[in-house]
K.L.:
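This is the structure I want to talk about, given as structure tokens.
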Protein chains: 2
Amino acid sequence: MRVSREQMAENRQKILDAASRLFRAKGFEAVSVAEVMKAAGLTHGGFYGHFRSKDDLIACALATACEPPPNRKLDIDAFIKGYLSPRHRENVAGGCPLAGLTAESLRQTPEARAAITDGMQQQLERMTAALQDKGVADPRQAAIGNLAALVGGLMFARACDDPQLSDELLQQTRAWIEQTNQHNSSTADT
Amino acid sequence: MRVSREQMAENRQKILDAASRLFRAKGFEAVSVAEVMKAAGLTHGGFYGHFRSKDDLIACALATACEPPPNRKLDIDAFIKGYLSPRHRENVAGGCPLAGLTAESLRQTPEARAAITDGMQQQLERMTAALQDKGVADPRQAAIGNLAALVGGLMFARACDDPQLSDELLQQTRAWIEQTNQHNSSTADT
DNA sequence: TGTACATCAGTGAACGCGCGTTCACTGATGTAC
DNA sequence: TGTACATCAGTGAACGCGCGTTCACTGATGTAC
């Protein structure tokens with residue numbers, strides 16, 4: 001049963017959204033094409049009308065997931081606080097794709113690696129601008145350090161099976177990053 | 001053909017070592033039991049004489065990989081330098097298991113999560129002691145921050161498909177961590 | 001605007017394949033005498 | 001120490017299953033008149 005052009009475009013987006021969430025929650029390999037299609041409200045046979053292969057879907061879903069939400073300015077302090085929060089730790093499926101999928105992406109197709117690299121670059125640019133506005137010296141270096149620590153800290157807090165240690169990891173990573181940013185800020189040491 | 005007890009123990013260790021390397025290189029799901037056994041110089045049928053299941057192997061291999069190499073003191077500066085080096089970036093199979101496997105571990109069995117949590121704790125203790133010796137204030141917090149940034153930075157450098165950006169990520173993450181440790185060190189600001 | 005037909009998005013059965021796991025068998029090891 | 005036999009680590013064929021992918025079919029959509 002053929003559907004309208006708009007409906008087809010909408011279905012494609014549904015597939016991408018479902019894939020993006022499922023991949024973040026379970027990893028690329030643990031999610032089947034049929035599972036994605038079911039989550040999108042379709043049957044598995046229609047998949048190849050939208051994508052060339054599962055690898056193609058992975059690359060497209062990564063690009064979708066890495067799209068910046070709106071284009072408004074980033075508040076770096078609020079971002080850090082939210083990033084290293086229990087809420088973000090619990091919300092794997094809807095959380096930062098860099099935290100959930102970067103490690104797996106390095107074994108994917110060149111297209112997937114290009115998508116994650118692009119997402120990384122965009123995130124770094126946004127953070128660099130935000131840190132520069134805050135008066136942090138060498139904002140590019142600070143953005144790289146901040147992002148590395150954020151992603152590492154969140155990943156550890158998620159993997160950890162001890163809730164107390166997990167909370168400590170979130171809090172201490174956050175405190176350490178914030179303190180470092182203050183040290184490097186021109187208006188802080190007065 | 002039965003083998004001696006010592007030979008059997010040796011074979012078990014060979015399986016664990018092969019699994020540890022293959023898992024780090026390709027991830028848990030992309031490695032088959034037969035592949036591990038072949039890498040260990042055995043056939044796949046004998047696997048279940050050593051382990052209850054693939055999940056059991058994953059947990060045991062994680063514990064093996066997380067064992068600290070020797071028990072000598074950690075030189076934090078040399079550790080950071082080596083960790084964020086092109087050599088370590090290239091050596092995924094033989095590199096830090098925390099960097100390669102933490103993200104995937106959160107979807108594994110409770111036993112696997114316990115193993116990675118234990119490896120994390122041990123690494124944090126070693127780094128805390130080393131940072132304390134260096135005179136860093138709040139060494140526990142510094143260890144958590146250092147480890148998060150190290151793992152995040154290495155992961156990004158590995159996933160990145162642009163060699164120039166990858167090098168920058170290694171260098172800037174390293175410079176950022178070292179600078180932070182200096183700021184927090186009692187003997188540095190003179 | 002209304003009709004007739006070609007197009008094609010989605011359906012669901014079917015495919016080949018590799019996976020984790022099982023099992024009957026083999027033959028060297030370990031033990032009892 | 002030497003012999004006879006039970007044990008059991010490792011072998012390789014076989015299993016059931018779920019995966020990615022294909023394909024003949026369906027029926028609503030889009031278009032030509």
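The chains referred to below are lettered A, B, ... by the order of the sequence lines, with proteins before strands, and numbering in each begins at 1.
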K.L.:
How close do A:S166 and A:A157 get, counting heavy atoms only, and between which atoms?
P.N.:
OG-O, 2.7 Å
K.L.:
Below 4.0 angstrom from OP1 or OP2 of D:dG10, is there any side-chain N or O of B:N11?
P.N.:
yes
K.L.:
Under 3.5 Å between N/O atoms: give me all the protein pairs with nucleotides 13-19 of chain C, atom names plus distance.
P.N.:
{"residue": "C:dA13", "atom": "N6", "partner": "A:H44", "partner atom": "NE2", "Å": "2.9"}

K.L.:
List the residues meeting ring pair (Phe, Tyr, Trp, His ring centres under 6.0 Å) with B:Y48, not counting sequence neighbours, and say none if there are none.
P.N.:
none
K.L.:
Distance check needed: C:dG20 P versus B:D55 CG, whole Å only.
P.N.:
10 Å
K.L.:
Has the side chain of B:T173 got a donor or acceptor atom that lies under 3.5 Å from a matching backbone atom of B:L169?
P.N.:
yes
K.L.:
What base-paired stems does DNA chain D take part in, with at least 3 consecutive Watson-Crick or G-U wobble pairs and both distances under 3.5 Å?
P.N.:
C:2-33 with D:2-33
K.L.:
Whole Å only: how far is the CZ atom of B:F51 from the P atom of D:dG10?
P.N.:
11 Å
K.L.:
Residues of residues 12-27 of chain B with any non-hydrogen atom less than 4.0 angstrom from an atom of DNA chain C: list those, numerically ordered, please.
P.N.:
none
K.L.:
Grab the NZ-C1' distance between B:K38 and D:dG12 for me, whole Å please.
P.N.:
14 Å
K.L.:
Output, in order, the C-alpha distance, side-chain angles, deciding distance and verdict of side-chain contact (heavy atoms from CB on, under 4.5 Å) for B:Q171 and A:Q141.
P.N.:
CA-CA 9 Å; B:Q171 288 157 16; A:Q141 180 182 97; over 6 Å; no
K.L.:
Do we see a donor-acceptor contact under 3.5 Å between the side chains of A:N184 and A:D138?
P.N.:
no
K.L.:
Rounded to the Å, how far apart are B:M8 CE and D:dT7 C1'?
P.N.:
13 Å
K.L.:
Measure CZ/B:F28 against C1'/C:dG20 and give the value in whole Å, please.
P.N.:
17 Å
K.L.:
Checking the side chain of A:S185 only, and the main-chain atoms of A:N181 only, is there a donor and an acceptor separated by less than 3.5 Å?
P.N.:
no
K.L.:
Main chain of A:S20, side chain of A:R24: is a donor-acceptor contact present, judged purely on distance under 3.5 Å?
P.N.:
yes
K.L.:
Does a side chain donor of either A:T117 or A:R113 reach within less than 3.5 Å of an acceptor in the other side chain?
P.N.:
no
K.L.:
Rounded to the nearest angstrom, tell me the gap between atom CD in B:Q7 and atom P in D:dA9.
P.N.:
13 Å
K.L.:
Where do B:A112 and B:I58 come nearest, in terms of heavy atoms and distance?
P.N.:
CB-CG2, 4.3 Å
K.L.:
List the protein contact pattern of nucleotides 25-33 of chain C with one symbol per nucleotide (5' to 3'): B for base contact, S for sugar-phosphate-only contact, - for none; contact means a heavy-atom distance under 4.0 Å.
P.N.:
-BBBBSS--
K.L.:
Atom CE of B:M37 and atom C1' of D:dG10: how far apart are they, to the nearest Å?
P.N.:
8 Å
K.L.:
Round to the nearest Å and state the distance from B:Y48 atom OH to D:dA9 atom P.
P.N.:
17 Å
K.L.:
Donor-acceptor pairs under 3.5 Å, side chain of residues 30-42 of chain A to any protein atom, not counting sequence neighbours: which ones?
P.N.:
{"residue": "A:S32", "atom": "OG", "partner": "A:E35", "partner atom": "N", "Å": "3.1"}
{"residue": "A:E35", "atom": "OE1", "partner": "A:S32", "partner atom": "N", "Å": "3.3"}
{"residue": "A:E35", "atom": "OE2", "partner": "A:K26", "partner atom": "NZ", "Å": "2.6"}

K.L.:
Would you find a donor on one side and an acceptor on the other, under 3.5 Å apart, between the side chain of B:H88 and the backbone of B:C96?
P.N.:
yes
K.L.:
How close do A:L62 and A:A115 get, counting heavy atoms only, and between which atoms?
P.N.:
CB-CB, 3.9 Å
K.L.:
Which heavy atom of B:K54 sits nearest to which heavy atom of B:F28, and what is that distance?
P.N.:
NZ-O, 3.0 Å
K.L.:
To the nearest 0.5 Å, tell me how far B:Q108 CD sits from B:D55 CG.
P.N.:
6.5 Å
